[in-house]
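What follows is a set of notes on a single structure, which appears directly below.
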Amino acid sequence: IRDYKVTGVQTCALPICPPHSRTRLPAVQMDRFFMENRQPLAPPMPKACGTPELPRHLNELLGEGMRLRQQAYRGRFAPSPSGPLHRGNLRTALVGWLEARLHGGVWLLRIDDLDTPRNRPGAEAALLADLRWLGLHWDGPPIRQSGRRGLYASVLSCLRRRGALYPCRCSRRLLADISAPHGPLAVYPGSCRHRTPHWGAQQGRLPSWRLRLPAGTLHWQEHCAAPGCLDAERQVGDPVLRRADGVIAYHLATAVDELALGISDVVRGEDLWAATGPQVAVMAALGMPAPHYAHVPLWRDASGHRLSKREGAEGVAGFRARGCDAASVVGELAASLGLVEGGSRLSADELLQSLQPTDLERALR
Ligand code: GLU
């Protein structure tokens, strides 16, 4: 049983805040960092199990998720069906699968299909076929977020009743205007924080709903890197949990699913590192500790640009058209992480048999 340290919103900053740079700390040192810097949370986080604040069915669901994640390693791969998986996505899937299997754990496949306008017909079937072709078999049936909207709506309404959310009508345009012209993505300045919960409905148009983040530091544990640490106010900003078009936002659905599915370890692309802040904040608002994270480096093309599904970066169909078989693709993905020699040909299972968990950790550092 792993010792899950409480991560989430803290009202006081950590005395030593590790750099956000990708400085990697060995696992033992990371654990020490967390042990030494763990501070009492003030105000204490609400207990998920048995608090009257969450309806009983949500308490039970989250309690069951917590039980599952304490029992075994539980990972997931969560592609959006917005296009074919490219080699960067495939490498992340391979790493997640290897991690789960090396720990004797469970590897779930979750289809992040809530953002329907971005879904592409046939993309889900293609990605399932691609994973099978590579030998990356998942446990149980694929879990579609589109089938879990009721759960997200319950969590949303519970947070709203508790006063943790506020309606927001700021347009993208307005937000773009307040951000620096060429600066990084704007942090929401909290312009609608004072709105009452009924404000949106009175306007006759749906508002978006944002989570009011307590001031302080959001932090989480990274499996092969320095712990994640972001200032809620300056670096994260109140995240939208339900968009004005009624779509449940990625951060809410993801956070709820990690908890409800009992995910102990999230392995995903490095581009989602900053998304961990808002997701950990949602979990803290539900009184739950965050899982551990591993953010896998993105695969960049020769000119240093990250690959993109929507721009049609080459995937399994392309490899096959060039006459590559699964063994050569697994070899190429593994060689890109230094796990095998360049030009190796081996199945995912053979790769698994040849590795120790520490090999993978070394490759990701
Ligand atoms: N659905 C996201 C994607 O395809 C990944 C989400 C996650 O792993 O948290 O990029």
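Start at 1 and go down the list; that is how both ligands and their atoms are numbered.
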Given the ring of Y166, does R193 sit roughly above its face, with NZ or CZ under 6.0 Å from the centre of the six-membered ring and within 45° of the axis?
no
Cation-pi check, R306 onto W299 ring (under 6.0 Å, within 45° of axis):
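Output no; distance or angle outside limits.
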For [atom], which protein heavy atom lies nearest, and how many Å away is it?
atom                   : result
atom 8 (O) of ligand 1 : R76 NH1, 2.9 Å
atom 4 (O) of ligand 1 : S80 N, 3.0 Å
atom 2 (C) of ligand 1 : A78 O, 3.4 Å

Over 12 foreign heavy atoms within 6.0 Å of [atom1], [X]:
X    : atom1 : answer
R56  : CZ    : no
E124 : CD    : yes
R118 : CZ    : no

For ligand 1, which is the ligand I care about here, please tell me if [X] has any N or O atom under 3.5 Å from one of the ligand's N or O atoms.
X    : value
R110 : no
T254 : no
L272 : no

Looking only at heavy atoms, is any part of F77 under 4.0 Å from ligand 1, and if so is it the side chain, the backbone, or both, or is it neither?
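For F77, no heavy atom sits under 4.0 Å from ligand 1.
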Have a look at ligand 1 and work out which part of R118, if any, has a heavy atom under 4.0 Å from it: side chain, backbone, both or neither.
neither
Would you check whether Q279 reaches within less than 4.0 Å of ligand 1, judged by its heavy atoms?
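False for this residue.
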Go through R74 and D265 one step at a time and tell me if the salt bridge (charged side-chain N to carboxylate O under 4.0 Å, His left out) criterion holds.
CA-CA 6 Å; R74 289 173 65 87; D265 292 77; over 6 Å; no
Any donor-acceptor N or O pair under 3.5 Å, side chains S347, D349:
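Per modelled atom types, S347 and D349 side chains form no pair under 3.5 Å.
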What atoms in ligand 1 come closer than 4.0 Å to a heavy atom of Y250?
6 (C), 7 (C), 9 (O)
